[in-house]
Amino acid sequence: MSGVGTRILTVEDDERIRTAVRMALEDEGWLVDEAETGEVALDQFSREPADVVLIDIMLPGMDGFEVCRSIRRASSDVPIVMVTARVDTHDVVAGLEAGADDYLTKPFAPKELSARIRALLRRARAAEPGKTHLRFGDLEIIPEEGVVTKAGETVHLTKTEFRLLVELASSPGRVFSREVLLERVWGYGYFGDGRLVDVHIRRLRTKVEADPADPRHVVTVRGLGYKLQA
Amino acid sequence: MSTATPIDKIDPARRAVGRFSLRTRLMTMFALGALLLSALLAVLAFSLVRNRLLAERDEGFTNTAYLNASIFRERIPETADRETLDVGAVLADLPTPQRSLVFVFDSQTGEWDSNTTELTASDIPLSMRQRVGEGEPTRMRFATANDPYLGVAMPLESRNLQYFEMTPLNDLAETLRLLTFGLLGAGTITTAMGSLVGLWATRRILSPLAEVTEAATAIADGQLDTRLPESRDTDLQPLVQSFNGMVERLSYQIERDARFASEVSHELRSPLMTLAASSAVLEARRDDLPERAQQALDLLVDDVDRFQQLVEDLLEISRFDVGAQKLELDRVNIAELVMQSLEFASEPDVVVEVDSAVSDLDVRADKRRIVRVMANLIDNARKYAEGVETVRVTSGGADTVCIAVEDDGPGVPEDERQQIFDRFSRGRSAGQRGGGDSGVGLGLSLVTEHVKLHGGTVWCEPRRDDGTGARFVIELPVHRTKGEPDLSSEPALDELSEVSA
């Protein structure tokens, strides 16, 4: 179940929501830190990094997108869940592009949030335990160590980006549909949001491809899905 | 809007005119105007020229005739012996211009002399002879069977003779005939040019109208930043200004509505978040509570759920109303979509019958909307019947597929089959057996909206087999290009890379 001692930082300006969510999450077995603004959250995170960050998009002052970008700029791979009270496409995609790993719409059930967090905290698994180094041209993946290098240089991936890459690398050349990736990486079923996959693939490309607009490794197979190739 | 004139109040004559396009009417008016104007000018020109020519000829010929008459009189001595006088020779000797026809009547002998055979004395009008006989000089236009003539006559009283001189007016008639042709031609050309000018003017006048039409269409399609280009034409400026002003206000209104919906959404969801999290905390401690508190907690939790659903539905409806809904289309297998929807709605035991003709069929659908549609229909069946009995997936024709959700309830009376899809409508009979259940009657109207967004339709009908229950049918368009690479659907947010082997 929930890892003992897993710390969640919740960034939420509404005190009542913050308190209620903290209590519910504590019931689920997590340790919860609270921050009422983005500035406080960044300060707290730099002093004591959490294992998961939960960010409300609508915050006074620095908004949730900016908090997310700041955390990612500091090369942190921490899983981030965006919380939005609005459901328009723009907010969701903007949140994912700012670096969030998943999103939830208010009001959500605490159990649902726990499930999301657990999925994001899963470790990347290698297809064949014996194989420790996976090579795709100039790209090298070491699942056990969580390391990816491009032409010898380390690439900073978030945990979710890394798991997505390892998933694709588990069967080189095989086409993965969005549904399969949603299930294996995020733990979603048939009705998961395909935009999660699309935006993460885009983010992955900006990091591992020489030219993200003309990807060589992470390629789209139109109408079917994505695959990884050398 | 009460000032708009209903179309049947407009007087019938105007409606008849209205049947022709503005373009046709304007062009016809220009052509008619040109025709009328040229006809008027032609008639005026013709009569002026004719009168002028005739007057000139009258005067000139009268002078000639008088001159000739006086010469003639000089050549007939007053005392001449009439028996021996050869009037014909004198006439032949007269320096008359070509085609001047002279007749002389001797009132003593009653004989006629003439220098011509073109006319005979009997061609001379009687009235003319009478008046000359009464001693009165006369001028008269007359026509023989063939030609028009101008005649001048005077008595030569000292010689007891009457002098008649005639000249044909053929040349004048010919001139006027040519003039008529010329004017007719000019009139025709003017009319044609009038039509052309009309055509050109109509185009010019209607081209702003075409622009307005184009802009209005674009706006109706949701491009709210469309504006008419500024015009320097003082006649068009008010139209451009008021049109752009209208669009400005309209888009402001729509934007405000959307913003309002978004703010309401935030304001409603925030307390619901507190409620949901708090009730989860309480539920986790349910066993610690006294029985009475447990009961209250169950009520609370149930109604928080219900309230949450209501808010979701209302926000969804308002998003439809401001047109803020977008489809996230995927190509999905219809049978799998239905099965997964039932599983999602916790109804995995419902019998699903898929027609073999459609079992491999793909539709382009927003999965998460379709699952809402199915959930709402299942919910509806749970409320008004004992839940869904069968879901049938069949072909709806060449380009559609039908999903029919059947229940075993009392069915829906015929006169309510339309209105149950209206907002906040639960049907009279449904209300009676309502049984204190939840739902505010938004479910089916949301079904309609979601299905419409997919280009499909939904309706309610009685079951086709022996069952008494209702049958809700969703008809969706089929995605036909199976096996071909799909240009618009998944997973292409921004990429169009290669089609793989």
For this session: Please determine, among A/D56, A/V83, A/D27, A/V197, the option with the most heavy-atom pairs under 4.5 Å with chain B.
Result: A/D27

Problem set entry | Top of A/T105, A/L113, A/D193 for chain B proximity - count of heavy-atom pairs under 4.5 angstrom | A/D193

For this session: Decide if atom CZ of A/R174 counts as having more than 12 heavy atoms of other residues, nucleotides or ligands within a radius under 6.0 Å.
Result: yes

Exercise. Heavy-atom count around A/R216 CZ within 6.0 Å, excluding the residue itself: above 12?
Worked result: no

Exercise. Just how far is it from atom CZ of A/F191 to atom CG of B/L337, taken to the nearest 0.5 Å?
Worked result: 5.5 Å

For this session: Please round to the nearest 0.5 Å and tell me the distance separating atom CE of B/M273 and atom NZ of A/K106.
Result: 7.5 Å

Seminar exercise, completed: Under a 4.5 Å heavy-atom criterion, the part of residues 11-26 of chain A in contact with chain B comprises A/D14, A/R16, A/I17, A/A20, A/V21, A/M23, A/A24

Minimum heavy-atom distance [X]-[Y], with the two atoms named:
X	Y	result
A/A85	B/R269	O-CD, 2.7 Å
A/P110	B/A277	CG-CA, 4.0 Å
B/E312	A/P107	OE2-CD, 4.3 Å
B/A276	A/F108	CB-O, 4.1 Å

Problem set entry | Partners passing salt bridge (Lys or Arg N to Asp or Glu O under 4.0 Å) against A/E112 (at least two apart in sequence or in another chain) | A/R116

Exercise. Taking only residues two or more places apart in sequence or in another chain, which ones pass salt bridge (Lys or Arg N to Asp or Glu O under 4.0 Å) with B/E347?
Worked result: B/R382

For this session: Answer yes or no: is there a side-chain heavy-atom contact under 4.5 Å between A/Y190 and B/S341?
Result: no

Exercise. Using non-hydrogen atoms only, which part of B/E336 is less than 4.5 Å away from chain A: side chain, backbone, both, or neither?
Worked result: both

Exercise. Where on B/Q340 is there a heavy atom nearer than 4.5 Å to chain A: the side chain, the backbone, both, or neither?
Worked result: both

Problem set entry | Residues in ring-ring contact (aromatic ring centres under 6.0 Å, His included) contact with B/F307, at least two apart in sequence or another chain | none

Exercise. When you check the gap from the basic side-chain N to the acidic O, do B/K367 and A/E179 get nearer than 4.0 Å?
Worked result: yes

